[in-house]
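All ligand and atom numbering here is 1-based and tracks the order in the structure. Count residues from 1 along the sequence.
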Amino acid sequence: MGLKPDVIVVGGGIWGASTALHVVRSSPGIRVVVVDRAPALAAETTGQAAGQIGQLRANPLMLRAVGYTLELLGSFRERTGHDPGFVRSGSIHLALTADRMTALRAMADRVRPMGVAVEELDGERARRLVPLLEPSALAGAVFLPGDAYVDAPQCARAYAAAAADGGAEFRFGTEVTGIRITGGRAVGIDTADGPLDAGSVVVTGGPWTGLLLAPLGFAVPVVPIRLQQMRTKPDPNLPAHHPVVRIPDASCYLRPERGGYLYGYIDPHPLAVDVAGGGRTIRTADIAVDEPLMAEARRRLAAVFPTLADFGVDQYRQGMVTCTPDANYALGPVPGVERLYLASGCSAMGIAGSAAVGSWLAECVIQGRPPAEIAGLDPARFGPQAADRGWLVERAREVYASYYSLSSRGATYGCATTPSST
Ligand SMILES: Cc1cc2nc3c(=O)[nH]c(=O)nc-3n(C[C@H](O)[C@H](O)[C@H](O)COP(=O)(O)OP(=O)(O)OC[C@H]3O[C@@H](n4cnc5c(N)ncnc54)[C@H](O)[C@@H]3O)c2cc1C
């Protein structure tokens, strides 16, 4: 087994890979081991993601997180030699109603002072960017030329390869069965292959983070919720590239991928998944395809993309996004245990914030405390209410369903205006 690692990261999704990278960068020579039960990196949620990195965010902390991800990934290949599949596509948000256009303008006005370029477009200018859209359906649009997307699993592999260059080690096919605590301090993990000691433990276990921490008496305030998308068959009539399109009035997003159109749908009646339900662990591959749901997405998109119906289905892709009751990440120390940290609750923006998540967790393990700016992401912020599963599920479903909503709580694009507002 070699020398005892200084840091064990449980979970080889994009958050675990980014954490490993930021730890080895912040503290050269430190020994980091990432452990995952899957046979390879990014085999669960990360492997399903659309990889979109958008800056139209209500929460300044999240906007800074996205800004750092864009900065890091924009030059990652040149700086590290590892290609994260970064495409500076820009993104366009379409309004189908005057009220939506007012809301988009308000969001644009909030992010501009933070250095984000946003242009307002009429329907014709929007069509010049996205040729197949029907401009008469639009009340207007905003365009963010700095937005991007990555190939999410490729991006996780690039983070991991750069981390490995700095000495991090990745072990796959290793189930973690528990966190070992001695004298109120995390001292390692138990695995199916035996125990492994470490100075600190970080759990980035995606939808399964709560299962690992429940035996310690801590209820992680996160509910996994199904998110589904599909890709059409490749077709020469579809543009190979254009900006990511978000249509909040239809609760959909869409972008070109592999010669087809990839589109996703935020279900207004979200399905919460009990990952320990039925006496066995539910994995990403167990999430069943819901074809009627995606037919509904296609119906909603038809007003803007009338030709979409002509293209057959190439692939359904679904997974679980982890949602908190206030739509912000749950990230930081596990209460009552020293040297143990967690990050989950991606709220469907885990790729977008992946670089910041890694840097925040690296600061946790290296400084022994979280950076001040993420106080509002404290996993313990909901107090004992987090143990009330019924409340948690209800709030998380509500938050997810309001991702694109125009209500007073809504139009959040995945995060509350202030980190702890509920
Ligand atoms: C359909 C879909 C589309 C999405 N689109 C976007 C998008 O466009 N933009 C965006 O920002 N986000 C998007 N997301 C969200 C994004 O995918 C997630 O935020 C991100 O992948 C979370 O990464 P993670 O590392 O936390 O989790 P995961 O990728 O799930 O990694 C967790 C890892 O922990 C491992 N693990 C768990 N328990 C154990 C154990 N006991 N022992 C060993 N290993 C364990 C798992 O095997 C897994 O590999 C999307 C998600 C879905 C489902």
Side-chain angles (χ1 to χ4, degrees), residues 8-20 34-54 57 62 65-66 69 91 147-153 155-156 159-160 170-179 189-193 202-213 215 222 224-231 244 246 253-255 257 262-267 273 275 281 283-285 287 294 315-323 329-331 342-355 357-358 361 413-415:
I8 288 175
V9 179
V10 181
I14 199 163
W15 282 11
S18 172
T19 301
V34 181
V35 181
D36 200 300
R37 64 184 164 210
L41 205 75
E44 297 279 0
T45 321
T46 301
Q48 307 302 103
Q52 289 150 191
I53 306 175
R57 302 283 173 190
M62 197 55 214
V66 172
T69 303
S91 83
D147 280 2
Y149 63 86
V150 286
D151 178 312
C155 182
Y159 281 141
F170 289 78
R171 294 185 193 169
F172 297 108
T174 305
E175 172 100 31
V176 176
T177 53
I179 314 290
I189 56 173
D190 286 314
T191 80
D193 304 332
V202 180
V203 182
T204 54
W208 304 278
T209 303
L211 297 186
L212 279 161
L213 294 172
V222 155
I225 290 185
R226 177 185 66 185
L227 173 55
Q228 186 162 316
Q229 54 190 14
M230 61 151 285
R231 191 177 62 224
V244 171
R246 292 191 179 82
Y253 59 80
L254 171 148
R255 72 170 171 84
E257 187 187 79
L262 173 73
Y263 57 90
Y265 178 45
I266 305 291
D267 186 354
V273 182
V275 285
T281 307
R283 309 274 286 267
T284 303
I287 307 297
M294 294 318 289
Q315 185 197 44
Y316 288 105
R317 208 152 88 202
Q318 53 280 322
M320 293 169 275
V321 292
T322 47
C323 294
Y329 297 160
L331 191 157
L342 75 90
S344 184
C346 75
S347 300
M349 49 189 181
I351 311 301
S354 57
V357 167
L361 287 170
Y413 279 46
C415 45

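- When all heavy atoms of Val275 and Pro224 are compared, the closest pair comes out as CG1-CG, 4.1 Å.
- In this view, Thr177 and Glu175, Asp190 satisfy the side-chain contact (heavy atoms from CB on, under 4.5 Å) rule, not counting sequence neighbours.
- For the pair Thr46 (side chain) and Ile14 (backbone), a donor-acceptor distance under 3.5 Å is present.
- Qualifying side chain to side chain donor-acceptor pair (under 3.5 Å) partners for Thr284, counting only residues two or more places apart in sequence or in other chains: Glu44.
- Within 4.0 Å of ligand 1, the residues that place a heavy atom are Gly11, Gly12, Gly13, Ile14, Trp15, Asp36, Arg37, Glu44, Thr45, Thr46, Gln48, Ala49, Ala50, Gly51, Gln52, Thr174, Glu175, Val176, Thr204, Gly205, Gly206, Pro207, Trp208, Leu212, Leu227, Gln229, Tyr253, Gly319, Met320, Val321, Cys346, Ala348, Met349, Gly350, Ile351, Ala352, listed by chain and number.
- For Gly12 against Asp36, the heavy-atom pair with the smallest separation is N-OD2, 2.6 Å.
- Judged as a salt bridge (Lys or Arg N to Asp or Glu O under 4.0 Å), and not counting sequence neighbours, the contacts of Arg226 are Asp267, Asp290.
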